[in-house]
Amino acid sequence: MTPSTPPVPPVPPVPPAAKAAAKQRSIKQKRADDRAAKLEEFRRKEARSKRNRRIGIASAIVAAVAVVAVVVVSIVLTPQPKEYTAGGTGAEIEGVETFDNESQHVEGVVDYPQTPPAGGSHNPAWLNCGVYTEPVPNENAVHSLEHGAIWVTYDPSLSDADLSALKAELPSSYIVLSPFDGLPSPVVLSGWNVQLAVDSVDDERVSAFLEEYWKSQNVPEPGALCTGAVDAPGKV
(Lines give C-alpha, C1' and ligand atoms only; values in the text may rest on other atoms or scores of the structure.)
Protein backbone atom coordinates (compact mmCIF):
# COMPACT_ATOMS: atom_id res chain seq x y z
CA MET A 1 0.00 0.00 0.00
CA THR A 2 1.11 3.51 -0.79
CA PRO A 3 1.15 5.67 2.28
CA SER A 4 -1.25 8.59 2.10
CA THR A 5 0.08 12.21 1.91
CA PRO A 6 -0.75 14.19 4.98
CA PRO A 7 -3.05 17.13 4.27
CA VAL A 8 -1.46 20.64 3.93
CA PRO A 9 -2.73 22.85 6.68
CA PRO A 10 -4.50 25.93 5.36
CA VAL A 11 -2.67 29.31 5.42
CA PRO A 12 -4.30 31.46 7.96
CA PRO A 13 -5.63 34.69 6.46
CA VAL A 14 -3.68 37.91 7.06
CA PRO A 15 -5.56 40.08 9.40
CA PRO A 16 -6.77 43.36 7.85
CA ALA A 17 -4.80 45.38 10.40
CA ALA A 18 -1.57 43.64 9.34
CA LYS A 19 -2.34 44.29 5.68
CA ALA A 20 -2.92 47.97 6.38
CA ALA A 21 0.30 48.20 8.41
CA ALA A 22 2.33 46.53 5.64
CA LYS A 23 0.82 48.82 3.05
CA GLN A 24 1.60 51.86 5.20
CA ARG A 25 5.19 50.71 5.65
CA SER A 26 5.47 50.22 1.87
CA ILE A 27 4.20 53.75 1.20
CA LYS A 28 6.57 55.22 3.79
CA GLN A 29 9.49 53.30 2.36
CA LYS A 30 8.65 54.47 -1.16
CA ARG A 31 8.48 58.06 0.04
CA ALA A 32 11.79 57.64 1.85
CA ASP A 33 13.35 56.14 -1.26
CA ASP A 34 11.99 59.02 -3.37
CA ARG A 35 13.37 61.60 -0.92
CA ALA A 36 16.73 59.85 -0.91
CA ALA A 37 16.79 59.79 -4.72
CA LYS A 38 15.84 63.46 -4.94
CA LEU A 39 18.49 64.38 -2.35
CA GLU A 40 21.12 62.42 -4.27
CA GLU A 41 20.12 64.16 -7.52
CA PHE A 42 20.28 67.55 -5.78
CA ARG A 43 23.74 66.77 -4.45
CA ARG A 44 24.90 65.74 -7.92
CA LYS A 45 23.53 68.97 -9.41
CA GLU A 46 25.18 71.03 -6.67
CA ALA A 47 28.49 69.28 -7.28
CA ARG A 48 28.22 69.95 -11.05
CA SER A 49 27.27 73.57 -10.39
CA LYS A 50 30.20 74.08 -8.03
CA ARG A 51 32.54 72.45 -10.52
CA ASN A 52 31.22 74.65 -13.35
CA ARG A 53 31.57 77.75 -11.16
CA ARG A 54 35.17 76.86 -10.38
CA ILE A 55 35.88 76.29 -14.07
CA GLY A 56 34.18 79.60 -14.94
CA ILE A 57 36.14 81.51 -12.31
CA ALA A 58 39.39 79.91 -13.41
CA SER A 59 38.62 80.72 -17.06
CA ALA A 60 37.76 84.32 -16.16
CA ILE A 61 41.01 84.68 -14.24
CA VAL A 62 43.00 83.26 -17.14
CA ALA A 63 41.21 85.58 -19.59
CA ALA A 64 41.79 88.60 -17.34
CA VAL A 65 45.46 87.76 -16.98
CA ALA A 66 45.71 87.39 -20.77
CA VAL A 67 44.07 90.78 -21.33
CA VAL A 68 46.36 92.45 -18.82
CA ALA A 69 49.35 90.80 -20.48
CA VAL A 70 48.25 92.05 -23.90
CA VAL A 71 47.78 95.58 -22.57
CA VAL A 72 51.17 95.56 -20.84
CA VAL A 73 52.91 94.18 -23.93
CA SER A 74 51.21 96.72 -26.19
CA ILE A 75 52.28 99.56 -23.90
CA VAL A 76 55.81 98.27 -23.65
CA LEU A 77 56.22 97.53 -27.35
CA THR A 78 54.33 100.55 -28.72
CA PRO A 79 56.52 103.67 -28.84
CA GLN A 80 55.03 106.42 -26.73
CA PRO A 81 55.13 110.06 -27.92
CA LYS A 82 57.86 112.16 -26.35
CA GLU A 83 56.84 114.95 -24.02
CA TYR A 84 58.21 118.47 -24.32
CA THR A 85 57.62 121.69 -22.43
CA ALA A 86 55.57 124.19 -24.42
CA GLY A 87 57.64 127.21 -25.34
CA GLY A 88 61.31 127.54 -24.55
CA THR A 89 63.87 129.10 -22.27
CA GLY A 90 65.85 130.93 -24.93
CA ALA A 91 68.47 128.20 -25.17
CA GLU A 92 70.90 128.54 -28.06
CA ILE A 93 71.13 125.49 -30.30
CA GLU A 94 74.05 125.12 -32.65
CA GLY A 95 73.03 125.25 -36.29
CA VAL A 96 69.63 126.89 -35.82
CA GLU A 97 68.95 129.58 -38.41
CA THR A 98 66.57 132.46 -37.75
CA PHE A 99 64.61 134.50 -40.28
CA ASP A 100 62.37 137.54 -40.47
CA ASN A 101 59.37 136.38 -42.45
CA GLU A 102 56.13 138.32 -42.15
CA SER A 103 52.68 136.80 -41.64
CA GLN A 104 49.76 137.40 -43.94
CA HIS A 105 47.01 135.34 -45.54
CA VAL A 106 47.13 134.95 -49.31
CA GLU A 107 45.58 132.78 -51.96
CA GLY A 108 47.53 130.65 -54.41
CA VAL A 109 51.13 129.46 -54.53
CA VAL A 110 53.81 131.29 -52.55
CA ASP A 111 57.51 131.43 -53.50
CA TYR A 112 59.29 130.94 -50.19
CA PRO A 113 62.88 132.00 -49.53
CA GLN A 114 63.63 128.94 -47.35
CA THR A 115 63.52 125.24 -48.28
CA PRO A 116 61.36 124.05 -46.65
CA PRO A 117 59.48 127.23 -45.71
CA ALA A 118 59.92 128.57 -42.20
CA GLY A 119 57.25 131.25 -42.10
CA GLY A 120 55.89 133.94 -44.38
CA SER A 121 52.67 134.45 -46.30
CA HIS A 122 50.37 131.45 -46.20
CA ASN A 123 46.96 130.03 -47.03
CA PRO A 124 44.06 131.11 -44.79
CA ALA A 125 43.45 127.43 -43.87
CA TRP A 126 46.07 125.72 -41.74
CA LEU A 127 47.16 122.12 -42.22
CA ASN A 128 45.90 119.71 -39.58
CA CYS A 129 48.87 118.53 -37.58
CA GLY A 130 49.86 114.88 -37.83
CA VAL A 131 51.92 112.38 -39.79
CA TYR A 132 51.78 112.45 -43.60
CA THR A 133 53.28 109.94 -46.01
CA GLU A 134 53.12 112.37 -48.94
CA PRO A 135 54.41 115.95 -49.39
CA VAL A 136 52.01 118.54 -48.01
CA PRO A 137 51.12 122.00 -49.38
CA ASN A 138 53.67 124.56 -48.19
CA GLU A 139 51.09 127.30 -47.84
CA ASN A 140 48.93 125.30 -45.40
CA ALA A 141 51.87 123.92 -43.42
CA VAL A 142 53.28 127.42 -42.89
CA HIS A 143 49.95 128.45 -41.39
CA SER A 144 50.41 125.61 -38.86
CA LEU A 145 53.82 127.05 -37.96
CA GLU A 146 52.05 130.33 -37.23
CA HIS A 147 50.11 128.47 -34.52
CA GLY A 148 53.23 127.13 -32.82
CA ALA A 149 53.55 123.77 -34.57
CA ILE A 150 56.86 122.29 -35.71
CA TRP A 151 57.14 120.99 -39.26
CA VAL A 152 59.54 118.04 -39.46
CA THR A 153 60.47 117.24 -43.06
CA TYR A 154 62.60 114.35 -44.26
CA ASP A 155 64.15 113.21 -47.52
CA PRO A 156 61.91 110.58 -49.17
CA SER A 157 64.93 108.24 -49.37
CA LEU A 158 65.17 108.07 -45.57
CA SER A 159 65.16 104.43 -44.43
CA ASP A 160 62.20 102.94 -42.58
CA ALA A 161 64.36 102.41 -39.50
CA ASP A 162 65.45 106.05 -39.47
CA LEU A 163 61.90 107.23 -40.04
CA SER A 164 60.70 105.14 -37.09
CA ALA A 165 63.49 106.56 -34.93
CA LEU A 166 62.51 110.08 -35.99
CA LYS A 167 58.84 109.48 -35.16
CA ALA A 168 59.88 108.26 -31.70
CA GLU A 169 61.29 111.73 -30.97
CA LEU A 170 58.09 113.59 -31.79
CA PRO A 171 55.34 114.82 -29.47
CA SER A 172 51.73 113.78 -30.01
CA SER A 173 50.38 117.19 -30.99
CA TYR A 174 51.39 120.41 -32.77
CA ILE A 175 53.69 118.48 -35.08
CA VAL A 176 53.63 117.95 -38.84
CA LEU A 177 55.80 115.16 -40.25
CA SER A 178 56.05 114.77 -44.00
CA PRO A 179 58.51 113.90 -46.80
CA PHE A 180 59.94 116.82 -48.77
CA ASP A 181 61.79 116.74 -52.07
CA GLY A 182 65.00 118.73 -52.47
CA LEU A 183 65.96 119.11 -48.81
CA PRO A 184 69.45 120.40 -48.00
CA SER A 185 69.81 117.64 -45.37
CA PRO A 186 68.15 114.29 -44.64
CA VAL A 187 66.00 115.94 -41.96
CA VAL A 188 64.97 119.58 -41.50
CA LEU A 189 62.96 120.91 -38.55
CA SER A 190 61.11 124.19 -39.05
CA GLY A 191 59.29 126.46 -36.65
CA TRP A 192 58.06 129.98 -37.25
CA ASN A 193 61.18 131.86 -38.44
CA VAL A 194 63.53 129.17 -37.09
CA GLN A 195 65.04 126.13 -38.78
CA LEU A 196 67.52 123.34 -38.12
CA ALA A 197 68.99 120.92 -40.68
CA VAL A 198 70.55 117.67 -39.42
CA ASP A 199 72.28 114.79 -41.16
CA SER A 200 71.12 112.08 -38.77
CA VAL A 201 67.91 111.27 -36.92
CA ASP A 202 70.10 110.46 -33.89
CA ASP A 203 71.32 114.05 -33.67
CA GLU A 204 70.68 115.28 -30.12
CA ARG A 205 69.71 118.68 -31.49
CA VAL A 206 66.44 117.22 -32.80
CA SER A 207 64.99 116.90 -29.29
CA ALA A 208 66.68 120.14 -28.22
CA PHE A 209 65.00 122.02 -31.08
CA LEU A 210 61.60 120.56 -30.17
CA GLU A 211 62.08 121.42 -26.50
CA GLU A 212 62.91 125.02 -27.38
CA TYR A 213 60.48 125.84 -30.19
CA TRP A 214 57.50 123.46 -29.90
CA LYS A 215 54.34 125.48 -29.10
CA SER A 216 56.46 128.61 -28.84
CA GLN A 217 54.93 131.85 -27.68
CA ASN A 218 57.09 133.73 -30.19
CA VAL A 219 54.75 133.04 -33.09
CA PRO A 220 52.03 135.26 -34.59
CA GLU A 221 49.17 133.15 -33.16
CA PRO A 222 50.40 131.16 -30.14
CA GLY A 223 47.96 128.56 -28.87
CA ALA A 224 45.74 128.62 -31.96
CA LEU A 225 44.37 125.25 -33.09
CA CYS A 226 46.33 122.74 -35.12
CA THR A 227 43.25 120.64 -35.89
CA GLY A 228 39.85 121.20 -37.46
CA ALA A 229 41.08 122.66 -40.76
CA VAL A 230 42.38 120.74 -43.79
CA ASP A 231 44.06 117.38 -44.28
CA ALA A 232 46.53 116.80 -47.10
CA PRO A 233 46.82 113.52 -49.01
CA GLY A 234 48.71 110.82 -47.11
CA LYS A 235 47.41 111.67 -43.64
CA VAL A 236 48.00 108.69 -41.35
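Here, residue 1 is the first one in the sequence, and each next residue gets the next number. All figures in this text were calculated on a predicted structure; none of them were measured in a lab.
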Taking the side chain as every heavy atom from C-beta outward, state whether [X] and [Y] have any pair of such atoms under 4.5 Å apart.
| X | Y | value |
| --- | --- | --- |
| Thr98 | Asn193 | no |
| Ser144 | Trp126 | yes |
| Glu139 | Val109 | yes |
| Thr153 | Ser178 | yes |
| Asp162 | Val187 | no |
| Glu211 | Thr85 | yes |
| Asn138 | Tyr112 | yes |
| Val176 | Tyr132 | yes |

Please name the pair of heavy atoms, one in [X] and one in [Y], separated by the smallest distance, quoted to 0.1 Å.
| X | Y | result |
| --- | --- | --- |
| Ser200 | Val206 | O-CG2, 4.5 Å |
| Pro116 | Leu183 | CD-CD2, 3.5 Å |
| Asn140 | Ala125 | ND2-O, 2.8 Å |
| Val201 | Ala165 | CG2-CB, 4.0 Å |
| Tyr174 | Gly148 | CD2-C, 4.3 Å |
| Glu169 | Leu210 | O-CD1, 3.4 Å |

- [ ] Would you please name every residue forming a side-chain contact (heavy atoms from CB on, under 4.5 Å) with Glu83, sequence neighbours left out?
- [x] none
I'd like to check the salt bridge (charged side-chain N to carboxylate O under 4.0 Å, His left out) partners of [X]; sequence neighbours left out, ordered by chain and number.
| X | answer |
| --- | --- |
| Asp155 | none |
| Lys167 | none |
| Arg54 | none |
| Asp203 | Arg205 |

Open item on the list: Going by the rule ring-ring contact (aromatic ring centres under 6.0 Å, His included), which residues pair with Phe209 if we only count those two or more places apart in sequence or in a different chain?
Closed with: Tyr213
Task: Which residues share a ring-ring contact (aromatic ring centres under 6.0 Å, His included) with Trp214, sequence neighbours left out - done: none
Could you list the donor-acceptor pairs under 3.5 angstrom formed between side-chain atoms of residues 224-236 and any protein atom two or more places apart in sequence or on another chain?
residue, atom, partner, partner atom, Å
Asp231, OD1, Asn128, ND2, 2.9
Asp231, OD1, Lys235, NZ, 3.3

Rounded distance [0.5 Å steps], [atom1] in [X] versus [atom2] in [Y]:
| X | Y | atom1 | atom2 | result |
| --- | --- | --- | --- | --- |
| Leu189 | Trp151 | CG | CH2 | 12.0 Å |
| Gln114 | Phe99 | CD | CZ | 4.5 Å |
| Glu221 | Leu145 | CD | CG | 12.0 Å |
| Leu166 | Leu177 | CG | CG | 5.5 Å |
| Glu146 | His105 | CD | NE2 | 4.5 Å |
| Ile150 | Leu170 | CD1 | CG | 10.5 Å |

Cluster check [X], [Y]: I/L/V/M/F/W/Y, side chain < 4.5 angstrom:
| X | Y | answer |
| --- | --- | --- |
| Tyr84 | Val131 | yes |
| Val136 | Leu158 | no |
| Ile175 | Leu196 | yes |

Task: Pairs satisfying salt bridge (Lys or Arg N to Asp or Glu O under 4.0 Å), at least one member in residues 86-108, at least two apart - done: none
- [ ] Please collect all salt bridge (Lys or Arg N to Asp or Glu O under 4.0 Å) contacts where either partner lies in residues 111-130, sequence neighbours excluded, each pair once.
- [x] none
Open item on the list: Suppose the criterion is side chain to side chain donor-acceptor pair (under 3.5 Å): which pairs have a residue in residues 181-191, not counting sequence neighbours?
Closed with: Ser190-Gln195
Open item on the list: Can you list everything that forms a side-chain hydrogen bond (donor to acceptor under 3.5 Å, both in side chains) with Ser216? Sequence neighbours excluded, please.
Closed with: none
Open item on the list: Using a 3.5 Å distance criterion without hydrogens, assess whether the side chain of Glu212 forms a donor-acceptor pair with backbone atoms of Gly87.
Closed with: no
- [ ] Can you label the angle between the Trp192 ring and the His122 ring as parallel, tilted or perpendicular, going by 30° and 60°?
- [x] perpendicular
